[in-house]
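When reading the values below, keep in mind they use all heavy atoms of this one structure, side chains included, and skip hydrogens, waters and symmetry mates. Just so we're clear, the structure is a prediction, and the values are computed from it rather than from any experiment. To find a chain, count down the sequence lines: A is the first, B the second, and so on, and within it residues start at 1.
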2 protein chains.
Amino acid sequence: MAAQNGKDLAGDAEAVLEAIIYLYTEGRRITKELARKAELTGPQLAVIKGLEQIGKLSLTELSERIRAQNSTVTGIIDRMEREGLVVRERSTEDRRVIQIRLTEKGAAIAREIPVEPMEVFQEALGILSPAETRDLLRILTKVANRVRERTEPGPRPKGNQEP
Amino acid sequence: MAAQNGKDLAGDAEAVLEAIIYLYTEGRRITKELARKAELTGPQLAVIKGLEQIGKLSLTELSERIRAQNSTVTGIIDRMEREGLVVRERSTEDRRVIQIRLTEKGAAIAREIPVEPMEVFQEALGILSPAETRDLLRILTKVANRVRERTEPGPRPKGNQEP
DNA sequence: GCGGTTTATTTCGCGTACGAAACTTCCTTG
DNA sequence: CAAGGAAGTTTCGTACGCGAAATAAACCGC
């Protein structure tokens, strides 16, 4: 451990990491809990809410939206199709692409779940003053850009899991 | 989308979320990449580094350390034991508990991997001024506490995945 | 010292999550 | 228009990750 004297930057850095991990995992947990009420999983809720907004998405578009690999989303859609929540339709213009849309059953469930999972955070961020919010954004962006620079050289996969 | 006029708090909030998600997933990616050089997975690296520091840990202690459920860690240790990286030893004082420690092979690999995965972040945070770091910590803590208050009523599971 | 509760770990079933390889369709270029 | 490459999706194998139930040992009160 470093010295504890109010200038303990390493300790602060660690605490910042802790906070980020906490916020992220808590977000996942909230999404999951919200989903469970409708007998869904976290990623499935994300899919349903995405499709509700946009109407119809190709598998790749959906993958980008929920930040997961195509091969992962294939499995998620398999299970949702099995449950009758969505259907796959092959596009007529480009027969390589699969369009995914909600069934009536899927749309009904989407309507039942009122809020976006993120809204808990929007609300939590709401207690900050506008200046604090912008400071937070500015500093986080600075750090993120630094990490990005540091790791950009070399290809990067695109994501992992639910929002 | 809301109006884009510099007072777009909802947009700022969303950007903050994006940044948090980016930093978290990037952290996982870096850990994974670091681990891959030693033919390990992310969680396995976390286990090895934990055991290197402490020497010997019960399964439950290890679970807390890497923020995962016991049932998850059982599987991780199974695979690592199969690879000869760690061994299980039943405690003599309390025969319910399993102590896990590195084999010589595991210890050698731990020595080969120089840095903690977190160090990339420590470095990224290093470009902030001390004031910025403390602002960041203060604001994040405020948000985290707010989320905590909002969700505390009701039991919470303890974690999910690698650091 | 016996029955009941608590604690530590494992087992089981399911759902992500990823990367590499296979497949199909589309597009380019000679 | 044929060959080759690129793009969209699926398949396969492996590793988490969780919660509920099972198992085993320790503890507690009487």
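- A salt bridge links A:E123 with B:R146; the closest basic N to acidic carboxylate O contact falls under 4.0 Å.
- Here the C1' atom of nucleotide D:dG8 and the CD atom of A:E61 are 11 Å apart, to the nearest Å.
- Of the side-chain N and O atoms in B:T72, none sit less than 4.0 angstrom from OP1 or OP2 of D:dG17.
- Between A:T41 and C:dC14, a side-chain N or O to OP1/OP2 separation shorter than 4.0 Å is absent.
- Using a 4.0 Å cut-off between charged side-chain N and carboxylate O, A:R138 and B:D135 make no salt bridge.
- In this structure, A:R67 forms no cation-pi arrangement with B:Y22, as its terminal cationic atom is not both closer than 6.0 Å to the ring centre and no more than 45° off the ring axis.
- Both tests do not hold together for A:R29 against A:Y24: distance to the six-membered ring centre under 6.0 Å, angle to the ring axis within 45°.
- Minimum atom distance to the side chain of A:S71 is reached by D:dT11, of the listed C:dT9, D:dT11, D:dG19.
- Of the charged side-chain nitrogens involved, none lies within less than 4.0 Å of a carboxylate oxygen, so that B:E33 and B:R36 do not count as a salt-bridged pair.
- The distance from atom CG of B:D78 to atom C1' of D:dC16 is 13 Å, rounded to the nearest whole Å.
- One atom, CD1 of A:I76, and another, P of D:dT10, lie 12 Å apart when rounded to the nearest Å.
- Within residues 84-98 of chain A, the residues approaching DNA chain D are A:R88, A:R96, A:V97, A:I98, by heavy-atom distance under 4.0 Å.
- Look at CD1 on B:I66: it is 15 Å from P on D:dA15, rounded to the nearest Å.
- Between B:K142 and A:E132 there is a salt bridge, since a side-chain N of the basic residue sits under 4.0 Å from a carboxylate O of the acidic one.
- The B:Q44 side chain lies nearest to D:dC16 when the options are D:dC16, D:dT9, D:dG19.
- Protein atom CD1 of B:I100 is 12 Å distant from nucleotide atom C1' of C:dT10, rounded to whole Å.
- Distances were taken from every side-chain heavy atom of A:R79 (C-beta onward) to each of C:dT16, D:dT10, C:dT10; the shortest belongs to C:dT16.
- Atoms CD1 and CZ, on B:I48 and B:R111 in that order, are 11.0 Å from each other to the nearest 0.5 Å.
- Position along DNA chain C of the nearest nucleotide to A:E83 versus B:S58 favours B:S58 as the more 5'-ward residue.
- Per the geometry, CG belonging to B:L45 stands 15 Å off C1' belonging to D:dC16, to the nearest Å.
- Each of A:R82 and B:L59 was assigned the nucleotide of DNA chain C with the nearest heavy atom; the assignment lying further toward the 5' end belongs to B:L59.
- Dashed line: the shortest gap from a side-chain N or O of A:R36 to OP1 or OP2 of D:dG19 is not under 4.0 Å.
- Between B:L62 and the choices B:L57, B:I98, B:I54, B:V86, the side chain to side chain contact (heavy atoms under 4.5 Å, CB included) rule is met once, by B:L57.
- Look at B:T60 and you won't find any side-chain N or O under 4.0 angstrom from OP1 or OP2 of C:dT7.
- One can place CD of B:E39 at 15 Å from C1' of D:dA15, the figure rounded to the nearest angstrom.
- Listed pair B:R28 / D:dG17 meets the phosphate criterion, a side-chain N or O lying under 4.0 Å from OP1 or OP2.
- Straight-line distance from the CD1 atom of A:I77 to the P atom of D:dG8: 17 Å, rounded to whole Å.
- OP1 or OP2 of D:dG19 has at least one side-chain nitrogen or oxygen of B:Q69 nearer than 4.0 Å.
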